[in-house]
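Inspection log for the structure reproduced underneath, given as structure tokens.
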Amino acid sequence: MDYKSVVAKLIKSDELDKSEILAALAPTQDAKNGDLCLPCFKFAAKLHMAPPAIANKLKEDLLPDPLIEKTEVAGGYLNFYFNREIIAKNAIDAIANNNFTLPPLESNGKTVCIDYSSINIAKPFHIGHLLTTAIGGSLYRMYKYCGYNAVGINHLGDWGTQFGKLIVAYKKWGDDGDIEKRNIRALLDLYVRFHTEAEKNPELEDEGRYWFKQIEDGNEEALAIFHKFKDITLKEVSKVYDRLGITFDSYAGESFYNDKMQPIIDRLKEKGLLTISEGASVVDLEKYGMPPCLILKKDGTSLYATRDLAAAVYRKKTYDFYKCLYVVAYQQNLHFKQFFKVLELMGYDWAKDCVHVPFGMVSLEGAGSLSTRKGNVVFLSDVLDSAVSKSLEIINEKNPDLENKEQTAQDVGVGAVVFGALSGGRIKDISFSLDKALSFDGETGPYLQYTHARCCSIAEKAKGVTGKLDYSVLCDEDAFAVVKLLDAFYPTVLNALDKYEPSMVSRYLIDLAQAFNKFYVGSRILGEADDVAYTRLTLVKAVEATLKTGLNLILLNAPEKM
RNA sequence: GCGCCAUUAGCUCAAUUGGAUAGAGCGUUGGUCUACGGAACCAAAGGUUAGGGAUUCGAAUUCCUUAUGGCGCACCA
């Protein structure tokens, strides 16, 4: 419920605009100052009055409404204290009358493409890929929830000289039995070995280039090996996606655009954008304060930007997107600025709808930056396994009779890792530590899941409780804090989407769980009078529904017992 | 060298986007179990918001500047 606009309508003023007042209204920081406040300082110059005097005048002229129980002037603030029963009724009824679900918003018909995860073939799925995968996956769910048609795109890194190198390594040192057994880890070893050997024998690089050329030219042997690598990778990676609950609508990657770049180059030439510089074909961007965007190398072959241009045009044609997001680390900030500018110069007015959603770097605590070439990586599946087995240990210790132990341990262990990736602002660099990823106390995924399970448990035990809703029961500090948070769910999700920031939902869920747990320890349900018990139970079920829906938006399952 | 980003409690992060006494978690110390899940709750300690300047009723938030760290800057992606 949008109480700001309700209050704004009640404020009478000849000199002040409704929109001005609406913009100034803000939630209070502390409940003792009421629920909403109007700082009057900025009106002082216009009205030639002191802020407290303005607050007092507005207070006197305020139209009466049942929503507002009282108003107080404190300094230059006009504070509004709401009738808590009305707020509680609105918040609770919205969920209770919907059979304790928080339905998605209605479709608005808009399509959003989200390019995320975008793993490289024949390379490990390591913790460096966790952020793009989790952020993109969460945005995907949030867009769907908010009524958009979301298209998840895994822009596979399935082209380039590294495949030639890998073929060389495979032909020299490859062991099919080993690959069969250890699949992608065996490929990683080959890749690392190639780079160490190439330092001694630089001619290996030439061999690598030769074999990549064979792939491009359709050499059967080369293609067979390449496809074998691709199959192994996709099979392995899809296991991880399954565990994370991630899905894609398209796996069109780099190789997919190989035959779609010529029209781009033609159009660039047509528009007179392409110039030759140091033998390469570039789009000069000096006017815009950027280095040139390289389109073709001097040998005439294409580059990253070329493929991205082709992909963007293809996506616009195929999906007619309202927005196209690229969830890619901030290292590539400049690349996206250049690439979007080139799209714009090509005359595509939808270039403004392309958005880079950057995030911070992941390094290894104690071991520095991740490097596939050096083999300095931590496999995501290993991290998930550790988290799951720790979770299983805790379950065996605390709840040994639990059914579905394995699945629950998956939910909780994976949840801990994923929440860790989605709990902070995107842009912060992360120094990955297994200890931190395996923390289950405090502001963590398992804490949210625990709180949800607690709700389920009470609801189960209080099944027989019936009575009438008495909203006055929800007006004490602890219960009302929960009520206000329930009311903030949809605005929080919409705001998170607006900022492409899943962590806003994560923070919100932590706030809700903390408020709920505080309420929980202080307010009994079983054993209270019928109406009190029933009303509190209803609040519990509303929290349960909100936690479950919110957890789902940040990719966490919400087991009923754990 | 040029550009972009970051810097808030010992550590990891918030702060409704310019509002009231800057809040949480971890860790530390001390409490709460004969009520529904202790993966919990309560309390204490911990701050010149990296330093300096400016803007204004008001700045962690905007601008300038310095410092530290990260990233990027031509044929990798």
Side-chain angles (χ1 to χ4, degrees), chain A residues 24 26-30 33 37 39-42 44-45 50-51 74-77 79 118 120 157 159-162 254 277-282 289-299 301-305 307-308 328-335 337-338 358 360-361 363 369 391 394-395 397-399 412 416 420 423-425 427-431 433 436 439-451 453-462 488 491-492 495 499 503-504 507 510-511 513-514 517-528 533 536-537 540 561-562:
Chain A
T28 54
Q29 201 172 17
D30 193 324
N33 288 326
C37 68
C40 297
F41 308 98
K42 61 183 63 158
Y77 289 88
N79 293 330
S118 301
N120 290 315
W159 206 247
T161 19
Q162 75 266 24
E254 291 173 3
S277 168
E278 297 174 31
S281 300
V282 308
M290 287 185 269
C293 181
L294 269 79
I295 303 295
L296 295 173
K297 300 183 219 169
K298 54 184 160 204
D299 66 3
T301 54
S302 61
L303 280 138
Y304 186 37
R307 237 174 294 269
D308 266 348
V328 181
Y330 69 60
Q331 276 154 305
Q332 295 184 35
N333 276 355
L334 178 60
H335 164 73
K337 269 177 74 181
Q338 291 177 308
M361 299 242 312
S363 60
S369 59
S391 165
I394 297 177
I395 290 170
E397 177 194 321
K398 301 193 184 226
N399 199 357
V412 175
S423 60
I427 210 68
K428 303 256 183 188
D429 287 341
I430 290 182
S431 172
S433 109
K436 270 186 265 166
S439 164
F440 293 180
D441 298 324
E443 296 175 344
T444 63
Y447 171 71
L448 296 176
Q449 291 167 318
Y450 170 80
T451 306
R454 224 179 187 184
C455 291
C456 292
S457 173
I458 305 162
E460 179 64 26
K461 289 212 165 84
T492 301
N495 200 15
K499 305 287 178 357
S503 68
M504 295 178 83
R507 305 279 344 152
I510 290 288
D511 289 344
Q514 284 176 338
N517 280 317
K518 187 167 183 171
F519 157 77
Y520 168 88
V521 297
S523 308
R524 187 207 294 235
I525 293 167
L526 298 175
E528 291 287 344
R536 285 185 177 155
L537 175 64
V540 169
K561 293 178 180 168
M562 60 188 269

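Every chain is numbered from 1 and lettered A, B, ... according to where its sequence line falls, protein lines coming before strand lines.
- Across all strands shown, the partner of B:rG23 is B:rC13, judged by Watson-Crick or G-U wobble contacts whose two distances both fall under 3.5 Å.
- Counting heavy atoms of neighbouring residues, nucleotides and ligands inside a 6.0 Å radius, atom NZ of A:K337 does not exceed 12 of them.
- Distances shorter than 4.0 Å separate some side-chain N or O of A:R454 from OP1 or OP2 on B:rG38.
- Here A:K337 lies out of heavy-atom contact (under 4.0 Å) with every strand.
- Among the protein residues, A:M562 comes within range of the nucleic acid bases, having at least one heavy atom under 4.0 Å from a base atom.
- Distances shown here put every side-chain N or O of A:Y447 at or beyond 4.0 Å from the OP1 or OP2 atom of B:rG37.
- Using a 30° and 60° split on the angle between ring planes, A:Y304 and A:H335 fall in the parallel class, below 30°.
- Residue A:D441 contributes atom CG, which lies 12 Å from atom P of B:rU28 at whole-angstrom precision.
- Here A:S523 lies in heavy-atom contact (under 4.0 Å) with a base.
- Between A:K461 and A:T444, the residue whose closest nucleotide on RNA chain B is further toward the 5' end is A:T444.
- Atom CD of A:E254 and atom P of B:rC76 are 13 Å apart (whole Å).
- Once rounded to the nearest 0.5 Å, the distance linking CD of A:E254 with OG of A:S118 reads 9.0 Å.
- For the pair A:Y450 OH and B:rC41 P, the interatomic distance rounds to 8 Å; values are reported in whole Å.
- The backbone N or O of A:A513 lies less than 3.5 Å from a partner atom in the side chain of A:N517, making a donor-acceptor pair.
- B:rG10 and B:rG37 are spaced 33 Å apart, taking the C1' atom of each and rounding to whole Å.
- Taking the P atom of each, B:rU62 and B:rU49 are spaced 16 Å apart, rounded to whole Å.
- Side-chain contact between A:P291 and A:Q338: present, with at least one pair of heavy atoms (C-beta onward) separated by less than 4.5 Å.
- With P as the reference atom, B:rU48 and B:rU61 are 16 Å apart, rounded to whole Å.
- Annotation: side chain of A:Y447 is in contact with side chain of A:I510 (closest heavy-atom distance under 4.5 Å).
- Here B:rA35 presents its C1' atom at 10 Å from CD of A:E528, a figure rounded to the nearest Å.
- Annotation: side chain to side chain contact (heavy atoms under 4.5 Å, CB included) contacts of A:I394 (sequence neighbours excluded): A:K390, A:K398, A:F440.
- Nucleotides B:rG27 and B:rC11 have their C1' atoms positioned 8 Å apart, rounded to a whole Å.
- Heavy atoms of A:A453 sit under 4.0 angstrom from at least one base atom.
- With rounding to whole Å, A:K518 atom NZ is found 17 Å from B:rG38 atom P.
- Among the protein residues, A:L448 comes within range of no part of the nucleic acid, since none of its heavy atoms lies under 4.0 Å from any strand.
- Atom CZ of A:F519 is separated from atom P of B:rC36 by 15 Å (rounded to the nearest Å).
- Going from atom OH of A:Y520 over to atom C1' of B:rC42 covers 16 Å, rounded to whole Å.
- In this structure, A:D429 and A:S363 have side chains that are not in contact, with every pair of non-hydrogen atoms separated by 4.5 Å or more.
- Base orientation of B:rU68: anti (glycosidic angle beyond 90° from 0).
- Spacing between B:rA50 and B:rA59 at atom P, rounded to whole Å, works out to 15 Å.
- A 3.5 Å limit on both hydrogen-bonding distances identifies B:rU28 as the Watson-Crick or G-U partner of B:rA44.
- You'll find the side chain of A:M290 reaches within 4.5 Å of the side chain of A:L334, heavy atoms only.
- Remark: A:K436 is not in phosphate contact with B:rC11, judged by side-chain N or O atoms under 4.0 Å from OP1 or OP2.
- Rounded to whole Å, the separation between the C1' atoms of B:rA45 and B:rG3 comes to 44 Å.
- Pair check for B:rA54 finds B:rU62; Watson-Crick or G-U wobble, both atom distances under 3.5 Å.
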Take A:T492 and A:R507 through the test side-chain contact (heavy atoms from CB on, under 4.5 Å) and record every step on the way to the result. CA-CA 10 Å; A:T492 301; A:R507 305 279 344 152; over 6 Å; no

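- Taking the C1' atoms as reference points, B:rC76 lies 35 Å from B:rC13, given to the whole Å.
- In this structure, B:rG72 forms a base pair with B:rC2, meeting either the Watson-Crick or the G-U wobble geometry with both donor-acceptor distances under 3.5 Å.
- Base pairing analysis places B:rA67 opposite B:rU7; the two distances defining the Watson-Crick or G-U wobble pair are each below 3.5 Å.
- Residues A:R536 and A:R524 come closest through the heavy atom pair NH1-O, 2.8 Å.
- Here, B:rU16 and B:rA24 have their P atoms 15 Å apart, quoted to the whole Å.
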Where do N or O atoms of nucleotides 71-74 of chain B meet protein N or O atoms at under 3.5 Å, pair by pair?
unit_1 : atom_1 : unit_2 : atom_2 : d
B:rA74 : N6     : A:S277 : OG     : 3.4
B:rA74 : N1     : A:S277 : OG     : 2.7

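- Here the closest heavy-atom approach between residue A:S439 and residue A:T444 is recorded as O-CG2, 3.4 Å.
- The separation between A:I525 atom CD1 and B:rG37 atom C1' is 12 Å, rounded to whole Å.
- A 3.5 Å limit on both hydrogen-bonding distances identifies no Watson-Crick or G-U partner for B:rG37.
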Go along nucleotides 13-22 of chain B 5' to 3' and tag each nucleotide: B for a protein heavy atom under 4.0 Å from its base, S when only backbone or sugar atoms are that close, - otherwise. SS-BB-BBB-

